[in-house]
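Worksheet: the structure to be examined is printed underneath.
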Amino acid sequence: MLKKMTLAAGLAAAVLLAACSQQGVQTETAKSGEASAPAGKQVYIVATDAAYAPFEYMEGDQVVGFSHDILKAAGEKEGIDFQFVNTPFEGIFANVDKGDSDVALASITITDERKQMVDFTDPYFEATQMIVTGEKGRDIKSFADLKKRSVSVQTGTTADLILQDLQGKDSQLIRRFENMPLAFKELSAGGVDATVGDNGVVQYFVAQNPGNYNMFVDASFPKEQYGFALKKGRSDDLRERINKGLAAIKADGTYAAIEAKWFKDQK
């Protein structure tokens, strides 16, 4: 997100939510068009919050997107097979911690707080927060202007936390939603003055939904690095193999080709 800063007690809460998060889970299987792994070969499960276009989202019964393509390509370099499971973000770290999945892929920003809960691969994308307004919020020109304005965000994300810092944790002006499509829907309906999210997601939304929108990055917003998350202290070498794969696709042009595919309209 970028994406998604978890509160200090996030892991404990996530454990309670994880059981609920398994309801309605969609899995990318062989019928989605991707080949099955050879018999006897290990397949690693990837938990992904697939509602964050263009990074990870559902297209029919298949997980697609930039982050999906990057991990898949890195895995192919190392002979790793992945199966992608759509999992709500709130339970995604607990899912990895319990061993229900091997990797968490959800445009997850690498932070010191999260490093205490999970291990991260090398970064694979740089992002920042972006503010988008509709007609109702045309006078909003900076992050400080959101102090007393209604703002939609995805629950538990970086945007959620920075709005809490600005307005207070108990602010009723922060409208939290399970995913970004719902947060954007609230903006489009005029229910809030602004929405805050990762720049790539905001830009994609505006490109796909032409209208009277204004988007900008506040000078105070820092750069964020996305990484794939694994169980902390995992004993095998999966993280190292993914890192080797990431280095390989950056070196041979595969990464650049995937980036051009998903962000060609944002350059």
Side-chain angles (χ1 to χ4, degrees), residues 1-7 10 14 21 26 28 46-59 62-75 82 84-96 101-111 113-115 117-132 152-162 176-184 195-208 215 217 221-230 242 246 249 255 258-259 261-263 266:
M1 9 189 255
L2 215 262
K3 189 179 176 188
K4 305 172 187 137
M5 295 267 291
T6 303
L7 302 175
S21 73
Q26 294 175 320
E28 181 183 354
V46 181
T48 177
D49 178 21
Y52 213 69
F55 293 96
E56 55 272 347
Y57 64 102
M58 297 302 298
E59 194 169 85
Q62 184 175 3
V63 178
V64 298
F66 172 79
S67 298
H68 166 277
D69 288 359
I70 290 296
L71 182 58
K72 183 180 176 185
F82 293 113
F84 296 82
V85 180
N86 190 7
T87 307
F89 182 77
E90 289 86 347
I92 210 163
F93 291 147
N95 191 290
V96 169
S101 59
D102 300 288
V103 182
L105 178 159
S107 299
I108 304 168
T109 299
I110 301 171
T111 68
E113 179 184 14
R114 286 178 174 164
K115 286 180 180 178
M117 297 185 287
V118 294
D119 287 334
F120 283 100
T121 63
D122 292 337
Y124 69 92
F125 189 79
E126 183 177 89
T128 189
Q129 294 300 292
M130 179 171 273
I131 298 167
V132 58
S152 61
V153 299
Q154 182 172 352
T155 301
T157 62
T158 301
D160 188 357
L161 288 192
I162 64 175
R176 298 178 177 87
F177 294 87
E178 182 181 358
N179 55 54
M180 284 305 295
L182 292 176
F184 288 134
T195 299
V196 180
D198 289 3
N199 59 319
V201 176
V202 170
Q203 290 165 340
Y204 186 83
F205 163 75
V206 172
Q208 298 296 313
M215 55 184 177
V217 173
F221 292 161
K223 297 294 184 181
E224 304 171 16
Q225 301 289 331
Y226 291 174
F228 302 116
L230 297 86
I242 293 174
L246 288 173
I249 64 172
Y255 181 99
I258 295 172
E259 185 176 42
K261 170 187 173 182
W262 289 104
F263 300 105
Q266 298 180 22

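We number each residue from 1, following the sequence as shown.
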Hey, would you say the Tyr226 and Phe55 ring centroids sit under 6.0 Å apart?
yes
Any side-chain heavy-atom pair of [X] and [Y] under 4.5 Å:
X: Ile70; Y: Phe228; value: yes
X: Pro54; Y: Phe263; value: yes
X: Phe93; Y: Val96; value: no
X: Gln225; Y: Phe125; value: no
X: Val196; Y: Met130; value: no
X: Ile162; Y: Gln129; value: yes
X: Phe177; Y: Thr155; value: no

Among residues at least two apart in sequence or on other chains, which ones pass side-chain contact (heavy atoms from CB on, under 4.5 Å) with Val46?
Leu71, Phe82, Phe84, Val103, Leu105
side-chain contact (heavy atoms from CB on, under 4.5 Å) against Lys261, all qualifying residues, sequence neighbours excluded
Asp69
Should Glu56 and Asp49 be marked as a side-chain contact (heavy atoms from CB on, under 4.5 Å) after you check the CA-CA gap, both sets of side-chain angles, and the distance that decides it?
CA-CA 7 Å; Glu56 55 272 347; Asp49 178 21; 5.5 Å; no
Qualifying residues under side-chain hydrogen bond (donor to acceptor under 3.5 Å, both in side chains), relative to [X], sequence neighbours excluded:
X: Glu59; result: none
X: Thr48; result: none
X: Ser101; result: Asn95

Take Gln154 and Thr157 through the test side-chain contact (heavy atoms from CB on, under 4.5 Å) and record every step on the way to the result.
CA-CA 6 Å; Gln154 182 172 352; Thr157 62; 3.4 Å; yes
Contact summary for [X] and [Y], nearest pair of heavy atoms:
X: Thr87; Y: Ala47; value: OG1-CB, 3.8 Å
X: Leu182; Y: Asn179; value: N-OD1, 3.0 Å
X: Ile110; Y: Pro123; value: CD1-CG, 4.0 Å
X: Ala159; Y: Val153; value: CB-CG1, 3.8 Å
X: Ala50; Y: Asn86; value: N-OD1, 2.9 Å
X: Leu246; Y: Ala74; value: N-CB, 3.7 Å

From CA spacing to verdict: side-chain contact (heavy atoms from CB on, under 4.5 Å), Ile108, Phe89
CA-CA 10 Å; Ile108 304 168; Phe89 182 77; 4.2 Å; yes
Check for a donor-acceptor pair, side chain of Thr128 on one end and backbone N or O of Pro222 on the other, with a separation under 3.5 Å.
yes
Looking at residues at least two apart in the chain, or sitting in another chain, which of them share a ring-ring contact (aromatic ring centres under 6.0 Å, His included) with [X]?
X: Phe184; result: Phe205
X: Tyr255; result: Phe66
X: Phe221; result: Phe143

Residues that Asp122 engages under salt bridge (Lys or Arg N to Asp or Glu O under 4.0 Å), provided they are two or more places apart
none
Return the [atom1] to [atom2] distance between [X] and [Y], rounded to the nearest 0.5 Å.
X: Tyr57; Y: Met180; atom1: OH; atom2: CE; value: 15.5 Å
X: Ile258; Y: Ser67; atom1: CD1; atom2: OG; value: 10.5 Å
X: Ile131; Y: Thr195; atom1: CD1; atom2: OG1; value: 10.5 Å

